[in-house]
Amino acid sequence: MTGPWRRCLSRCHGLQAVVVGSALTLPDRGACRIPHQILLTGEKGVTAPRPLIHADWRHWPLRPASIDMVILALDSAHLPHLPAMINEISVCLGPDAWLLVVAQGDQLAPWCRVGMPMAAHRGLILREANWGDARKLSWLPPAWAHYWSAQWQTWFPAAAQWSVQLWQKQTLCPIAPDRKTSRNTSASWSGSWVPQSRAGTSQLKDCA
């Protein structure tokens, strides 16, 4: 998991990042190019050398579109508030901002069933997904690490044991899939009145 973790971190850029507090021990974040990282935790009494925010998982005291990256390592404390967390993440992320998710063990199945569909619904795009197995006798071949999907994981929950995923918020000017179909042709009625002649109808009355 360390290789995909560092590769995803190296792709991210910006100034401000939020690291969601987790019981999991994350690999080294030295590959991250974002200098300012803030720790957000819902537990009181936690101390850390970096700037610290004490807030409930469901309510983040962050200005909308003010964060360039969120690092989320899922643990059991996040699962009851997962929909609210995804909503808060999507609101506080700015344009082209990143969401790095690490899910493993018992947290992987809820993330595939709830977290991933909701992230896509909230305007996040999956840029990279790595799937793997921490067991010695792997059920998931290493060549499938980039081709495995959440739907397959839902069908075969014991296949993959961990996933490192990099999501990105839509850009300022996203390309709409139905842009071509939404164009109005010259023959279509736009719902407005037909332009009238500046000369008025006096000439028509004289001719009559």
Side-chain angles (χ1 to χ4, degrees), residues 1-41 48 50 60 62 65-75 78-79 82 85-135 138 140-153 159-172 174:
M1 191 172 64
T2 304
W5 166 264
R6 292 178 178 174
R7 182 172 62 252
C8 291
L9 278 178
S10 64
R11 295 181 56 181
C12 303
H13 51 81
L15 295 176
Q16 296 282 349
V18 169
V19 181
V20 180
S22 175
L24 301 178
T25 302
L26 294 175
D28 182 26
R29 291 191 294 271
C32 185
R33 296 183 294 170
I34 299 180
H36 305 290
Q37 299 180 10
I38 305 169
L39 178 63
L40 186 145
T41 177
R50 65 173 63 89
W60 292 19
L62 298 174
S66 61
I67 300 298
D68 300 311
M69 184 181 182
V70 172
I71 300 176
L72 174 61
L74 285 174
D75 65 14
H78 301 146
L79 297 184
L82 188 56
M85 288 183 61
I86 299 300
N87 181 67
E88 290 289 339
I89 290 172
S90 64
V91 171
C92 75
L93 287 178
D96 297 330
W98 303 90
L99 168 63
L100 180 58
V101 179
V102 179
Q104 57 182 343
D106 297 335
Q107 286 73 41
L108 183 56
W111 172 250
C112 295
R113 292 193 305 264
V114 179
M116 294 184 70
M118 189 171 182
H121 179 71
R122 296 295 297 174
L124 299 175
I125 303 172
L126 184 60
R127 295 302 187 188
E128 183 176 343
N130 302 272
W131 306 80
D133 197 332
R135 294 168 293 193
S138 177
L140 183 67
W144 291 9
H146 294 285
Y147 300 101
W148 200 251
S149 66
Q151 188 175 11
W152 295 347
Q153 182 63 21
Q161 291 293 307
W162 58 263
S163 181
V164 177
Q165 301 178 6
L166 183 61
W167 297 74
Q168 187 177 20
K169 197 169 185 180
Q170 287 185 351
T171 60
L172 283 173

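This chain uses plain numbering: 1 for the first residue, then up along the sequence. All heavy atoms count here, side chains included; hydrogens, waters and symmetry mates do not.
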> Would W98 and H13 count as a side-chain contact (heavy atoms from CB on, under 4.5 Å) if you check the C-alpha gap in whole Å, the side-chain angles of each, and the deciding distance to 0.1 Å?
Replying inline: CA-CA 8 Å; W98 303 90; H13 51 81; 4.0 Å; yes
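- S10 is linked by a side-chain contact (heavy atoms from CB on, under 4.5 Å) to nothing, counting only residues two or more places apart in sequence or in another chain.
- Across all non-hydrogen atoms, the minimal contact from W167 to M116 is CH2-O, 3.6 Å.
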>> If you apply the rule side-chain contact (heavy atoms from CB on, under 4.5 Å), what do you find for Q107 with L79, and how did you get there?
In response: CA-CA 8 Å; Q107 286 73 41; L79 297 184; 4.2 Å; yes
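- Going from atom CG of L124 over to atom NZ of K169 covers 7.5 Å, rounded to the nearest 0.5 Å.
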>> Checking C12 against R33 for the side-chain contact (heavy atoms from CB on, under 4.5 Å) test, could you report, in this order, the C-alpha distance in whole Å, the side-chain angles of both residues, the deciding distance, and whether it holds?
In response: CA-CA 7 Å; C12 303; R33 296 183 294 170; over 6 Å; no
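- When L15, V19, L93, L9 are each tested for a side-chain contact (heavy atoms from CB on, under 4.5 Å) with M69, only one passes: L9.
- Pairs of residues two or more places apart, or lying in two chains, that qualify as side-chain hydrogen bond (donor to acceptor under 3.5 Å, both in side chains) and include a residue from residues 111-124 are N87-R122, S90-R122, W111-Q165.
- In terms of heavy atoms, A17 sits closest to I67 at CA-CG2, 4.2 Å.
- Under the side-chain contact (heavy atoms from CB on, under 4.5 Å) criterion, Q104 pairs with M1, L24, W162, not counting sequence neighbours.
- Here the CD1 atom belonging to I89 is positioned 10.5 Å from the CG atom belonging to L62, to the nearest 0.5 angstrom.
- One distance of note links SG of C8 with CG of L100; it measures 5.5 Å at 0.5 Å rounding.
- H36 is linked by a side-chain contact (heavy atoms from CB on, under 4.5 Å) to Q16, counting only residues two or more places apart in sequence or in another chain.
- Partners of R11 under the salt bridge (Lys or Arg N to Asp or Glu O under 4.0 Å) rule, at least two apart in sequence or in another chain, are E128.
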